[in-house]
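The analysis underlying the following values was restricted to heavy atoms, covering all of them including side chains, and did not include hydrogens, waters or symmetry mates. Throughout, protein chains are lettered first and strands after them, A, B, ... in sequence-line order, and every chain is numbered starting at 1.
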There are 2 protein chains.
Amino acid sequence: MSLPHPIADQISLPNVLAVLGDQTRLAIVGYLARHEGVAMSCRQFLEFGSKTNLSYHLAKLREAGITRTEVSGTSRLISLRRDDLDRRFPGLLDSIIKAAHDIPLLERLK
Amino acid sequence: MSLPHPIADQISLPNVLAVLGDQTRLAIVGYLARHEGVAMSCRQFLEFGSKTNLSYHLAKLREAGITRTEVSGTSRLISLRRDDLDRRFPGLLDSIIKAAHDIPLLERLK
DNA sequence: TCAATAGTTCAACAGATTTTGAACTAAGGA
DNA sequence: TCCTTAGTTCAAAATCTGTTGAACTATTGA
């Protein structure tokens with residue numbers, strides 16, 4: 001049982017930018033970047049919004065090809081698709097993550 | 001007589017990403033990047049939409065701090081705020097421009 | 001002065017996005 | 001089995017965006 005993800009070639013630049021042009025989703029990506037290698041479940045992000053709302057934002061990130069979501073029991077393990085993004089749009093993710101360092105929502109989880 | 005621009009510190013990452021998360025505006029930025037140093041007036045972009053619509057998109061770009069618009073007679077001279085963007089978000093603009101190389105709307109003007 | 005050119009503003013509309021709560025599914029532990 | 005935990009789905013509401021045409025301003029050239 002696994003959720004639908006776009007393949008690397010289907011990841012679209014305008015869509016990636018539009019999806020990251022949102023405080024909440026940018027904060028999620030910033031958080032994932034700071035904890036790369038550690039599997040994250042949705043509840044890590046409850047600080048950023050309601051359960052329902054997070055479900056919505058996490059789906060947007062997955063559908064845009066920015067994150068990968070693996071099902072593990074009742075949890076989802078969420079990670080950045082860094083390899084695919086780096087291959088498709090070199091330097092983009094890094095520059096965004098660096099620039100997102102001090103966004104307000106992310107400060108909350110420091 | 002000059003139009004309102006945000007100062008460099010006011011340029012916000014989420015807003016820049018949201019504004020660039022649109023085909024038309026991404027195409028405008030791609031076009032500006034290919035012709036850096038040459039002053040562009042709005043009518044260069046008529047291929048991308050109606051006069052009214054371009055006015056809307058160009059205002060979004062200016063208000064987000066992505067472009068600078070100078071008034072020159074009845075024309076506007078539009079340029080990328082590359083220096084400010086590079087200082088604020090190093091590497092971001094370059095990676096976006098590189099990645100935007102093959103977006104559909106831009107192909108039209110080649 | 002008059003007409004043409006370059007672009008803006010406005011109000012309206014259609015459609016997309018975000019947010020919410022209630023009801024739901026599915027797995028895991030007692 | 002029953003309860004809890006983790007997250008999804010759905011429909012509704014509120015808001016935001018993009019697009020349009022008509023009317024407008026301001027500059028330029030004849």
Return the value, rounded to whole Å, for the distance between atom [atom1] of [X] and atom [atom2] of [N].
X	N	atom1	atom2	result
Tyr56(B)	dC16(D)	OH	P	12 Å
Leu61(B)	dG18(D)	CG	P	11 Å
Leu58(B)	dA6(C)	CG	P	15 Å
Asp22(B)	dT19(D)	CG	C1'	11 Å
Leu77(A)	dA27(C)	CG	P	15 Å
Glu63(A)	dT9(D)	CD	P	9 Å
Leu26(B)	dG18(D)	CG	C1'	16 Å
Phe45(B)	dA6(C)	CZ	P	15 Å

Inset, instruction - Taking only heavy atoms on the protein side, list every residue of residues 13-21 of chain A lying under 4.0 Å from any atom of DNA chain C, sorted numerically. - result: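 Residues of residues 13-21 of chain A under 4.0 Å from DNA chain C: none.
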In Å, rounded to the nearest 0.5 Å, how long is the span from [atom1] of [X] to [atom2] of [Y]?
X	Y	atom1	atom2	result
Tyr56(A)	Thr24(A)	OH	OG1	10.5 Å
Leu20(A)	Asn15(A)	CG	CG	9.5 Å
Ile66(B)	Ile28(B)	CD1	CD1	10.5 Å

Legend entry - Side chain to side chain, Leu105(B) and Leu26(B), heavy atoms closer than 4.5 Å: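 Not touching, per the 4.5 Å side-chain cut-off.
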Inset, instruction - Would you mind reporting whether His35(A) and Gln44(A) have side-chain heavy atoms less than 4.5 Å apart? - result: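 Counting from C-beta outward, Gln44(A) and His35(A) never come under 4.5 Å.
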Legend entry - Salt bridge flag under 4.0 Å for residues Arg68(B) and Asp84(B):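 Yes, charged N to carboxylate O under 4.0 Å.
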Inset, instruction - Under 4.0 Å between any heavy atoms, over every strand shown, what does Thr24(A) touch: base, sugar-phosphate, or nothing? Just pick one. - result: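 The answer is nothing, as Thr24(A) stays clear of every strand by at least 4.0 Å.
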I want to check one thing: is the phosphate of [N], taken as OP1 and OP2, less than 4.0 Å away from some side-chain N or O of [X]?
X	N	value
Arg76(B)	dG7(C)	no
His57(B)	dT17(D)	no
Thr74(B)	dT27(D)	no

Counting only side-chain heavy atoms from C-beta out, which of [options] sits nearest to [X]?
X	options	answer
Cys42(B)	dT8(D), dG7(C), dT5(D)	dG7(C)
Ser75(A)	dT20(D), dG7(C), dA6(D)	dA6(D)
Thr52(B)	dG18(D), dC10(C), dA22(C)	dC10(C)

Inset, instruction - Determine, stepwise, if the pair Arg82(B) / Ile97(B) fulfils side chain to side chain contact (heavy atoms under 4.5 Å, CB included). - result: CA-CA 11 Å; Arg82(B) 178 178 277 285; Ile97(B) 288 167; 3.5 Å; yes
Inset, instruction - Using the closest heavy atom to pick a nucleotide of DNA chain C for each, name whichever of Asn53(A) or Ser72(A) lands nearer the 5' end. - result: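 Going by which nucleotide is closer to the 5' end, it is Asn53(A).
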Inset, instruction - Could you check Lys51(B) against Lys60(B) and say which one's nearest nucleotide on DNA chain D is further toward the 5' end? - result: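 Nearest nucleotide further toward 5': that of Lys60(B).
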